[in-house]
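Presented below is the structure to which this report refers.
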Amino acid sequence: MSVATIHQALSGQIAENSNVTVQGWVRTRRDSKAGFSFLHVNDGSCFDNIQVVAPADLGNYESEVRKLTSGCAVRCSGQLVASRGRGQAFEIQAESVEVAGWVEDPDHYPIQPKKHSFEFLRQVAHLRPRTNTFGAMTRVRHATARAIHEYFDQEGYYWVNTPIITASDAEGAGQLFRVSTLDMMNLPRDEAGRPDFSKDFFGKETFLTVSGQLNVEAFCLALSKVYTFGPTFRAENSNTARHLAEFWMVEPEVAFADLDDLATLAESFLKFVFERVLETRADDMAFFAGQIEPSAIDRLRQVVESDFVRMDYAEAIKILKNCGQDFEFKVDWGVDLQTEHERFLTEKHCRAPVVVMNYPTEIKAFYMRLNDGGETVAALDVLAPGIGEIIGGSQREERLDVLTRRMTEHDLDLDTYGWFLDLRRYGTVPHAGFGLGFERLLNYITGMANIRDVIPYPRTPGNAAF
RNA sequence: UCCCCGGUAGCUCAGCUGGUUAGAGCGGGUGACUGUUAAUCACUAGGUCGUUGGUUCGAAUCCGACCCGGGGAGCCA
């Protein structure tokens, strides 16, 4: 009697009429007076449950099987047979049902076979993996991460694990989480009375990273094609469906590449990932399209099949000014595009993903490459129908004198970033990269509305439970 | 951080212009029925109405404060 996953049992990988054992958690139980009970069991290996038919002549039928409720852990052995009922091809005719773990106090078990609000499920984050939605989310999250690694691997990129703890603030802005082992009740002080970080663990002030980009640039200028994929931290007091204090970010960085090369990469990357997820998690995507967001599958297909439109920021502004649409935020050259503008461009004007390129210098970060004339930098945003910005990136400033000047303008400490400037001193080349919020990508793929529901344990202001 | 909305049974909610013992569906228990599909039917248990002050003869209902949750904005990925 071999142990099988429910996926194996249901997908025809196991010969009909052979004996199998499945292990998982009961979703529902229905009793039939004809002399058996139906157990629906899920082990997370696929979206579907397997139906176990438990006959009344099992030794523990009255004492145990008839007392099973949602959430009980069971080991079921028997013959895998063609189902006599509708709704599933195979089922297990049980010869034994062993209860591995009971549910204490079933009428208070939070996960019932019914719809729960996502707000409620966040409060039981340790049990929500047992729901259809979070099972599907977890598998799609995995499939997406895999697709990302697979894409970069086949394109010759190396995954670089940049540090989580850092002494530098990558963007010169944004709130950071402090990392310290100092005794907060008894802080060592310098002469000015300020905390003396030279006594801290690293001998200086340190934080959790807000981006791996600066660190990965060093590897880019040696290994040519690299990317980061890891956790990122922002201590901003943002309370929205799109922000987390701890999230995962993907940041490819390519040497000998310009902004157009980057736009090409972004397009090919997104298409590959969407296509792969649709292919590998068809069951879960069907669930998201059926229960969460009707367009979930169609809009991914549309991105895969469409040609991305490329336009300059200046052109985007011109379109928005002349389109006759009344926007809440006025459009003019020099302003950053609001979500309403981005969505107009991608959903109404182009009806396709749009890459907006060459933004005003003022509204972008110091490391982005200054275009001729200095008015704009070589930055791009990829806008997708239904969500807006999904990727932001730029060609990097590779010229030492220009970068030094811009860092000074942004009030950055040149000593802290000495190593970053070194990269422009020794064999500098044009290079470019982008950043993609992994959870935002998952929101887009699954149609889940809140970013707190596409990460196992969301960290947001005032909430680090579990 | 700002602006709105909400907190009533294990869950989803109704009740809220103040007035006898606070309701429903689902879930739990018991029974009936059935190769059932979130089955169906009957019965049943279950609530200090977020906390705390106040107004009142009387507060789930009105007012204040606080706590928690959600939506929107800003910031951004």
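Nothing here was measured: the structure is a model prediction, and the numbers come from that model. In the text below, chain A, chain B and the rest are named by the order of the sequence lines, each starting its count at 1.
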Integer angstrom distance from the [atom1] of [N] to that of [M]:
| N | M | atom1 | answer |
| --- | --- | --- | --- |
| B:G23 | B:C33 | C1' | 29 Å |
| B:G64 | B:U55 | P | 15 Å |
| B:C26 | B:U17 | C1' | 32 Å |
| B:G50 | B:U12 | P | 14 Å |
| B:C66 | B:G58 | P | 27 Å |
| B:U8 | B:U48 | P | 12 Å |
| B:G47 | B:A14 | C1' | 15 Å |
| B:A65 | B:G71 | P | 24 Å |

Flag the pair A:L80 / A:N17 as yes when at least one side-chain heavy-atom distance between them is below 4.5 Å, and no otherwise.
->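 They are not in side-chain contact.
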Using the side-chain heavy atoms of [X], tell me which of these nucleotides is nearest: [options].
| X | options | value |
| --- | --- | --- |
| A:R86 | B:U12, B:G35, B:U37 | B:U37 |
| A:Q112 | B:C11, B:G10, B:U37 | B:G10 |
| A:K114 | B:G27, B:U12, B:G69 | B:U12 |

In whole angstrom, give the distance that lies between atom CZ of A:F118 and atom P of B:G70.
->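 So the CZ-P distance, A:F118 to B:G70, works out to 13 Å.
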Cation over ring face, A:R299 and A:Y444, 6.0 Å, 45° |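 Pair A:R299/A:Y444 counts as cation-pi.
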Working to the nearest 0.5 Å, report the span between CG of A:N161 and OG1 of A:T228.
->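 It comes to 9.0 Å.
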Atom pairs, protein N/O to nucleotides 71-75 of chain B N/O, distance under 3.5 Å:
| from | atom 1 | to | atom 2 | distance (Å) |
| --- | --- | --- | --- | --- |
| B:G71 | OP1 | A:N450 | ND2 | 2.7 |
| B:G74 | OP1 | A:Q338 | OE1 | 2.9 |
| B:G74 | N2 | A:N237 | O | 3.2 |
| B:C75 | O2 | A:S238 | OG | 2.6 |
| B:C75 | N3 | A:H243 | NE2 | 2.7 |
| B:C75 | N4 | A:R242 | NH2 | 3.3 |
| B:C75 | N4 | A:H243 | NE2 | 3.4 |

Just to confirm, is there a sub-4.0 Å distance from OP1 or OP2 of B:A38 to any side-chain nitrogen or oxygen of A:K115?
->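 For A:K115, the contact criterion (side-chain N or O under 4.0 Å from OP1 or OP2 of B:A38) is not met.
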Return no unless some side-chain N or O of A:S32 is found under 4.0 Å from OP1 or OP2 of B:U36.
->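 For B:U36, neither OP1 nor OP2 has a side-chain N or O of A:S32 closer than 4.0 Å.
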Could you list the residues that satisfy side chain to side chain donor-acceptor pair (under 3.5 Å) with A:D105, not counting sequence neighbours?
->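 Testing A:D105 for side chain to side chain donor-acceptor pair (under 3.5 Å), a comparison that skips the adjacent residues, returns A:H108.
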Residue list, ring-ring contact (aromatic ring centres under 6.0 Å, His included) with A:Y157, at least two apart or on another chain =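 Counting only residues at least two positions away or on another chain, A:Y157 forms a ring-ring contact (aromatic ring centres under 6.0 Å, His included) with A:F152.
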By side-chain contact (heavy atoms from CB on, under 4.5 Å), which residues pair with A:A263, not counting sequence neighbours?
->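 A:A263: side-chain contact (heavy atoms from CB on, under 4.5 Å) contacts with A:R310, A:V355, A:M357, A:L380.
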Excluding sequence neighbours, so at least two apart, what forms side-chain contact (heavy atoms from CB on, under 4.5 Å) with A:N239?
->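 With sequence neighbours excluded, A:N239 shows a side-chain contact (heavy atoms from CB on, under 4.5 Å) to A:N237, A:P461, given in chain and number order.
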A:K67 or A:A245: which one's nearest nucleotide on RNA chain B is closer to the 5' end?
->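 Result of the comparison: A:K67.
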A:Y359 and A:D381: side chain to side chain donor-acceptor pair (under 3.5 Å), yes or no, with the steps?
-> CA-CA 9 Å; A:Y359 281 80; A:D381 281 351; 3.2 Å; yes
For RNA chain B, the dot-bracket notation using Watson-Crick and G-U wobble pairs below 3.5 Å, [ ] for pseudoknot-type crossings and | for other-strand pairs, is (((((((..((((.....[...)))).(((((.......))))).....(((((..]....))))))))))))....
Parallel, tilted or perpendicular: which describes the rings of A:W248 and A:F229, with under 30° parallel and over 60° perpendicular?
->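 Plane angle over 60°, so perpendicular.
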